[in-house]
Amino acid sequence: MSENANNKNKKAVLLIIALVLILCGVSILGYHLYSDYRAKQNDNEISSIVSSTQDTLEGTTGEKAVKNPIDFKSLRKKNSDIYAWIKVKGTKVDYPIVQSQQSDEMYLKHSAIDKSWLASGAIYTEMVNTTSFEDRVTLIYGHNGYSDTMFTTLHRFEQKDFFDKHKTFIIYTPKSKLTYKIVSAFKYDDRHIMNSFDFQNDDVFEEFLEMIQDPVSSNKNVRDMKRKLELDDNIVVLSTCITNQRSSRYLVCGVLEKNEKTY
């Protein structure tokens with residue numbers, strides 16, 4: 001075969017490779033754009049369900065019951081796995097919380113609204129936790145990186161000014177409004193926290209409480225709580241990924257400060 005023919009073959013092969021790479025790039029970009037679009041679409045559907053009303057009603061015991069802005073009855077008709085709702089002021093986190101009784105991996109890639117496939121998944125807990133928020137530690141998961149949906153905007157707590165200004169997050173259940181004071185937000189490793197610590201052991205739980213009040217991390221913000229966390233405290237940890245850091249997680253840790261009845 002002549003040198004000229006070899007050069008033509010090489011050019012043809014290179015052209016084919018270039019076309020394949022371009023097509024792959026377009027496919028990947030298209031997938032990400034579609035995933036972001038579906039995530040936003042899912043957010044819009046969720047927003048349309050939530051009521052914006054807030055007022056109070058005097059209970060028969062004289063205790064004020066706070067109006068619950070979440071229509072759990074309608075939500076649970078769509079998906080009975082919905083058991084709570086989380087709002088984090090200053091972020092885009094305003095979502096139902098779900099827990100599957102079949103698979104802990106279910107809501108990694110499925111919508112909380114109707115269980116349809118969704119790359120951005122849902123905000124969820126695993127079966128190791130109860131759905132009462134009475135566990136010593138409840139771990140709530142959400143994806144990072146699908147536009148500004150799910151737990152992506154929790155990364156705003158990396159900014160000290162934002163962390164200092166935004167001190168709480170709220171979880172609604174059908175019968176209560178739970179207010180958590182944010183203790184700390186920091187980069188952590190990728191261990192499965194609920195499987196790595198025996199929180200029924202007082203010593204282990206106490207060490208965990210000390211850790212979240214003084215985490216060893218290059219990326220952390222910690223609040224002066226004016227008190228030491230105690231064994232009877234209830235902690236909620238919000239966990240999400242860090243872009244391009246597969247072995248790391250970003251945690252926002254809160255301690256229950258107020259438990260109000262709702263109607």
Side-chain angles (χ1 to χ4, degrees), residues 63-66 68 70 83-91 93-99 123-142 151 154 156-158 160 162-217 219-240 249-262:
E63 180 184 2
K64 284 187 176 180
V66 181
N68 198 320
I70 309 303
Y83 72 94
W85 192 284
I86 183 168
K87 292 175 176 278
V88 184
K89 192 173 181 180
T91 76
V93 177
D94 191 2
Y95 292 105
I97 304 174
V98 287
Q99 184 179 113
I123 306 304
Y124 69 97
T125 58
E126 295 182 338
M127 286 180 277
V128 67
N129 276 126
T130 68
T131 57
S132 66
F133 295 99
E134 294 176 348
D135 298 347
R136 280 180 159 178
V137 177
T138 299
L139 194 65
I140 305 177
Y141 297 94
F151 273 178
L154 286 183
R156 293 177 183 176
F157 284 100
E158 293 181 39
K160 189 177 187 308
F162 183 89
F163 179 88
D164 290 343
K165 183 178 179 181
H166 297 86
K167 300 179 180 180
T168 62
F169 61 82
I170 293 170
I171 292 176
Y172 287 98
T173 72
K175 295 182 179 180
S176 62
K177 176 186 177 182
L178 308 173
T179 301
Y180 293 82
K181 188 163 187 177
I182 298 171
V183 178
S184 56
F186 57 96
K187 177 181 174 180
Y188 197 59
D189 57 48
D190 64 348
R191 79 184 77 179
H192 191 293
I193 290 175
M194 299 307 299
N195 291 340
S196 299
F197 299 94
D198 177 12
F199 292 123
Q200 298 306 310
N201 183 308
D202 287 352
D203 292 335
V204 172
F205 183 48
E206 192 168 34
E207 288 178 5
F208 183 79
L209 294 177
E210 290 173 358
M211 184 277 289
I212 66 173
Q213 287 191 282
D214 187 21
V216 178
S217 174
N219 179 359
K220 66 178 179 180
N221 281 306
V222 180
R223 199 174 311 284
D224 182 1
M225 297 296 293
K226 308 296 183 184
R227 72 175 181 90
K228 183 179 178 181
L229 298 182
E230 304 291 345
L231 292 176
D232 59 352
D233 279 319
N234 296 100
I235 305 297
V236 163
V237 178
L238 312 181
S239 175
T240 193
R249 298 291 182 268
Y250 190 68
L251 308 182
V252 177
C253 304
V255 59
L256 181 63
E257 277 217 324
K258 188 186 294 185
N259 184 344
E260 301 170 275
K261 292 182 179 179
T262 63

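Just the heavy atoms: all of them, side chains too, but no hydrogens, waters or symmetry mates, feed the values below. Just so you know, these numbers come straight off a predicted model, no measurement behind them.
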Quiz prompt | Expected output: side-chain N221 to main-chain S184 donor-acceptor under 3.5 Å | solution = no
Self-check item: ring-ring contact (aromatic ring centres under 6.0 Å, His included) against Y95, all qualifying residues, sequence neighbours excluded
Solution: none
Self-check item: salt bridge (charged side-chain N to carboxylate O under 4.0 Å, His left out) pairs, two or more places apart, involving residues 162-172
Solution: K160-D164
Exercise. Please step through side-chain contact (heavy atoms from CB on, under 4.5 Å) for the pair L139 and N129, ending with a clear verdict.
Key: CA-CA 8 Å; L139 194 65; N129 276 126; 4.2 Å; yes
Quiz item: Mind checking what makes salt bridge (Lys or Arg N to Asp or Glu O under 4.0 Å) contact with K226, not counting sequence neighbours?
Solution: D224
Quiz item: Closest heavy-atom contact between G142 and T240?
Solution: O-OG1, 2.8 Å
Quiz item: Would you find a donor on one side and an acceptor on the other, under 3.5 Å apart, between the side chain of D198 and the backbone of V204?
Solution: no
Practice problem: Mind listing the closest non-hydrogen atom pair of M194 and V128 along with its distance? | Solution: CB-CG1, 3.6 Å
Exercise. Verify side-chain contact (heavy atoms from CB on, under 4.5 Å) between I212 and V255, making sure each step is shown before the conclusion.
Key: CA-CA 10 Å; I212 66 173; V255 59; over 6 Å; no
Quiz prompt | Pair K228 + D233: basic N to acidic O under 4.0 Å | solution = no
Self-check item: K187 backbone acceptor or donor facing R249 side chain under 3.5 Å
Solution: no
Quiz prompt | Which residues share a ring-ring contact (aromatic ring centres under 6.0 Å, His included) with Y124, sequence neighbours left out | solution = Y141
Quiz prompt | Check: N68/W85 side-chain N/O donor and acceptor closer than 3.5 Å | solution = no
Quiz item: With sequence neighbours excluded, what pairs up with T131 under the side-chain contact (heavy atoms from CB on, under 4.5 Å) test?
Solution: Y83, Q99
Quiz prompt | From I193 atom CD1 to T138 atom OG1, the distance as rounded to the nearest 0.5 Å | solution = 12.0 Å
Quiz prompt | salt bridge (Lys or Arg N to Asp or Glu O under 4.0 Å) partners of K181, counting only residues at least two apart | solution = none
Exercise. Take the angle between the ring planes of F186 and Y188 and call it parallel below 30°, perpendicular above 60°, tilted in between.
Key: perpendicular
Quiz item: Nearest heavy-atom pair of L256 and Y180: which atoms, and what distance?
Solution: N-CD2, 3.3 Å
Quiz item: Heavy atoms, side chains only, cut-off 4.5 Å: are I235 and L229 in contact?
Solution: yes
Exercise. Evaluate side-chain contact (heavy atoms from CB on, under 4.5 Å) for F133 paired with N234, printing each intermediate quantity in order.
Key: CA-CA 8 Å; F133 295 99; N234 296 100; over 6 Å; no
Quiz item: Rounded to the nearest 0.5 Å, how far does CG of L154 lie from OG of S239?
Solution: 9.5 Å
Quiz item: Of all heavy-atom pairs between F162 and T91, which one has the smallest distance, and what is that distance?
Solution: CZ-CG2, 3.9 Å
Quiz item: Can you name the residues that form a side-chain contact (heavy atoms from CB on, under 4.5 Å) with I170, not counting sequence neighbours?
Solution: Y172, K177, T179
Practice problem: Output all residues satisfying side-chain contact (heavy atoms from CB on, under 4.5 Å) with E134, sequence neighbours left out; order by chain, then residue number. | Solution: S132
Self-check item: All pairs passing side-chain hydrogen bond (donor to acceptor under 3.5 Å, both in side chains) where residues 201-214 contributes a residue, at least two apart
Solution: R136-D202
Quiz item: For K258, which residues count as a side-chain hydrogen bond (donor to acceptor under 3.5 Å, both in side chains) partner, sequence neighbours excluded?
Solution: none
Quiz item: Closest approach of V252 and A185, non-hydrogen atoms and distance?
Solution: CG2-CB, 4.1 Å
Practice problem: Determine, stepwise, if the pair I171 / V236 fulfils side-chain contact (heavy atoms from CB on, under 4.5 Å). | Solution: CA-CA 10 Å; I171 292 176; V236 163; 4.3 Å; yes
Quiz item: If you measure from CZ on F169 to SG on C253, what distance do you get to the nearest 0.5 Å?
Solution: 8.5 Å
Quiz item: How far apart are the closest heavy atoms of R191 and F197, and which atoms are they?
Solution: NH1-CZ, 3.6 Å
Self-check item: With F163 via ring-ring contact (aromatic ring centres under 6.0 Å, His included) - residues at least two apart
Solution: none
Quiz prompt | Any residue meeting side-chain hydrogen bond (donor to acceptor under 3.5 Å, both in side chains) with S176, in chain and number order, not counting sequence neighbours | solution = T173
